[in-house]
Amino acid sequence: MNGYAWLGLAIVAEVIATTALKASDSFSKLGPSLITAVGYGVAFYCLSHSMKTVPVGVGYAIWSGVGIVLITIIAWVLFKQRLDPPALAGMGLIVAGVLVINVFSKSSAH
């Protein structure tokens, strides 16, 4: 499997783990707490495999940027957390940054 596929799995696992972290209510609920622990373990395992071929700075920028945007969308839908215009503008800049890295940067190992 290539590095970007591993990175995609790491992002999905991290987003699941972070969503479960919110639902764990400070680790007071067993099910979401277990999902959090396992999810973060899987996320870091997959991230470590992605770093065999994806430059660490590029991989981490994509992982954190995409993760931030996905978690924000999930928080908006599931937890009814709303964003004001500056927050939406910031999310747009994060998406733009990830796109610039993937489309224009010669640093990424496509």
Colleague: Output the rest of the hydrophobic cluster of Leu9: all Ile, Leu, Val, Met, Phe, Trp and Tyr residues reachable through side-chain heavy-atom contacts under 4.5 Å, sorted by chain and number.
Modeller: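 Met1, Trp6, Tyr45, all in the cluster of Leu9.
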
Colleague: Looking at every heavy atom in both Ser33 and Ser28, which two are closest together, and how far apart are they?
Modeller: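 Closest approach of Ser33 to Ser28: OG-N, 4.3 Å.
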
Colleague: Measuring only between side-chain heavy atoms, which start at C-beta, is Tyr4 closer than 4.5 Å to Thr53?
Modeller: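 Tyr4 vs Thr53: side chains apart.
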
Colleague: Is the shortest heavy-atom distance from the side chain of Trp76 to the side chain of Leu83 under 4.5 Å?
Modeller: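 A side-chain contact is absent here, since even the closest heavy-atom pair is not under 4.5 Å.
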
Colleague: Consider only side-chain heavy atoms of I, L, V, M, F, W and Y, link residues closer than 4.5 Å, and tell whether Leu34 and Phe27 are in one cluster.
Modeller: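 Looking at the clustering, Phe27 is in a separate group from Leu34.
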
Colleague: Evaluate Ile11 against Ile62 for side-chain contact (heavy atoms from CB on, under 4.5 Å), listing each step before the verdict.
Modeller: CA-CA 9 Å; Ile11 292 167; Ile62 294 168; 4.2 Å; yes

Colleague: What residues form a side-chain contact (heavy atoms from CB on, under 4.5 Å) with Leu99, not counting sequence neighbours?
Modeller: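 side-chain contact (heavy atoms from CB on, under 4.5 Å) list for Leu99, sorted by chain: Val95.
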
Colleague: Evaluate whether atom CZ of Phe79 has more than 12 neighbouring non-hydrogen atoms of other residues, nucleotides or ligands under 6.0 angstrom away.
Modeller: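 Enclosed.
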
Colleague: Is the closest side-chain heavy-atom distance between Ile73 and Met91 below 4.5 Å?
Modeller: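 No, every pair of side-chain atoms sits at 4.5 Å or beyond.
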
Colleague: In terms of hydrophobic clusters joined by side-chain contacts under 4.5 Å, are Tyr60 and Phe44 together?
Modeller: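 Yes; Phe44 is reachable from Tyr60 via cluster members.
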
Colleague: Side-chain contact test, heavy atoms from C-beta onward, threshold under 4.5 Å: evaluate it for Val66 versus Val15 and give yes or no.
Modeller: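 With C-beta onward as the side chain, the pair stays apart.
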
Colleague: Could you grab the distance from atom OG1 of Thr36 to atom NZ of Lys29, nearest 0.5 Å is fine?
Modeller: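 Rounded to the nearest 0.5 Å, the OG1-NZ separation comes to 12.0 Å.
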
Colleague: Would a hydrophobic clustering, with Ile, Leu, Val, Met, Phe, Trp and Tyr connected at side-chain separations under 4.5 Å, put Met51 with Val42?
Modeller: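 Looking at the clustering, Val42 is in a separate group from Met51.
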
Colleague: Per the side-chain contact (heavy atoms from CB on, under 4.5 Å) rule, which among Val98, Ile74, Ile94 passes with Val69?
Modeller: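 One option only clears the test, and that one is Ile94.
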
Colleague: Would you kindly confirm whether Val56 and Leu47 end up in one hydrophobic cluster when ILVMFWY residues are joined by side chain heavy atoms under 4.5 Å apart?
Modeller: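 Val56 and Leu47: one cluster.
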
Colleague: Whether the side chain of Ser50 engages the backbone of Leu7 through a donor-acceptor N/O pair (distance < 3.5 Å, no angle test) should be reported.
Modeller: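 A pair under 3.5 Å: no.
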
Colleague: Please name the pair of heavy atoms, one in Gly39 and one in Ala13, separated by the smallest distance, quoted to 0.1 Å.
Modeller: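 Gly39 and Ala13 have their closest heavy atoms at O-CB, 3.6 Å.
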
Colleague: Which residues satisfy the side-chain contact (heavy atoms from CB on, under 4.5 Å) test with Thr18, sequence neighbours excluded?
Modeller: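 Per chain and number, Thr18 pairs via side-chain contact (heavy atoms from CB on, under 4.5 Å) with Glu14, Tyr40, Ile71.
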
